[in-house]
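Report on one structure; see the data block that follows.
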Amino acid sequence: DITFANQSQIACSLSSADEFSGCVEFDLFAGASPEKRAKVILHNASRLLIRECRGFLEQTGQAFEITASNSTELGFHWIDDQCPRESGAVRGTYSNRNHSLNTAVCCALDGSRCTYGRTTKGIPLTEPVSLNAAIEACELLNMRLCRKEEIAANLCCGAFPSAEDPYVWTSHTEPVQRLEIRSVDWQPWAGDLWLRCEELCPDTVFPI
């Protein structure tokens with residue numbers, strides 16, 4: 001059953017495990033790839049690991065090969081549009097904390113407001129920065145990185161003076177599993193692709 005949904009996330013509840021036999025199958029949103037015949041998505045592996053996935057676009061007849069990595073990866077933080085309701089698309093994803101630059105927005109400790117991070121000279125950080133720089137910029141304001149849920153709830157809409165909608169860092173971090181998606185016909189695809197995935201059963205050893 002779907003318990004919560006907005007533009008950037010969907011939450012579901014599963015019935016008692018006693019009602020199931022075998023592994024869980026579920027749908028995973030992979031989106032489009034209008035310029036390349038392959039893309040990589042990062043799956044939240046904190047609760048459920050993927051054994052395999054299948055993909056097919058009915059509107060174009062395209063089939064896909066999906067490879068799930070055999071290990072999970074750490075050090076990724078959730079990033080999203082600073083105002084999901086205005087972007088009109090699902091863009092949230094995981095970003096490597098050690099190799100990525102994203103915008104620093106900060107939330108009040110009580111979650112009441114959101115603003116740009118600042119430098120030690122009080123200048124707004126409007127350009128993408130590393131995760132550590134974003135954390136420091138928020139601490140200078142006696143604030144913190146916003147949580148994933150706060151960004152999804154559009155708390156930071158209007159915080160930016162520009163018309164751009166950059167990715168922003170959040171404090172949310174989880175182990176991720178890498179999925180490589182390739183079109184069999186070697187062509188890019190414009191339609192939104194959904195994958196049908198099967199869980200890696202709990203009794204399977206899966207290294208971190």
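From a predicted model like this one, the values you see are computed outputs, not experimental measurements.
- Cluster membership for Val129 and Leu145, using ILVMFWY side-chain heavy atoms within less than 4.5 angstrom, is not shared.
- The salt bridge (Lys or Arg N to Asp or Glu O under 4.0 Å) check on Arg113 picks up nothing, with sequence neighbours excluded.
- Applying the salt bridge (Lys or Arg N to Asp or Glu O under 4.0 Å) test to Glu139 and every residue at least two apart in sequence or in another chain returns nothing.
- A salt bridge is defined here as a Lys NZ or Arg NE, NH1 or NH2 lying under 4.0 Å from an Asp or Glu carboxylate O, and Lys148 with Glu174 fails to meet this definition.
- Here the straight-line distance linking atom NE2 of His172 with atom CD1 of Ile151 works out to 13.0 Å at 0.5 Å rounding.
- Phe76 is linked by a ring pair (Phe, Tyr, Trp, His ring centres under 6.0 Å) to nothing, counting only residues two or more places apart in sequence or in another chain.
- Of the possible polar contacts, one joining the Arg37 side chain to the Ser183 backbone as a donor-acceptor pair under 3.5 Å is found.
- Side-chain contact check for Asn44 and Ser46: at least one donor-acceptor pair (N or O, by modelled atom type) lies under 3.5 Å.
- Remark: side-chain polar atoms of Gln82 are not paired, donor with acceptor, to backbone N or O of Val105 under 3.5 angstrom.
- Within a 6.0 Å radius of CD in Gln59, more than 12 heavy atoms belonging to other residues, nucleotides or ligands are found.
- Shown here for Trp169 and Ser100, the closest heavy-atom pair between the two residues is CZ2-O, 3.4 Å.
- For His77 (side chain) and Thr170 (main-chain N/O), a donor-acceptor pair under 3.5 Å exists by modelled atom type.
- With 2.5 angstrom as the limit on SG-SG distance, Cys106 and Cys138 come in below it.
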- Item | Full working for side-chain hydrogen bond (donor to acceptor under 3.5 Å, both in side chains) between Asn132 and Ser130 | CA-CA 6 Å; Asn132 287 339; Ser130 67; 5.6 Å; no
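- The hydrophobic clustering, which links ILVMFWY residues whose side-chain heavy atoms are closer than 4.5 Å, places Phe26 and Leu193 together.
- Atom CZ of Phe64 sits about 4.5 Å away from atom CG of Leu57, to the nearest 0.5 Å.
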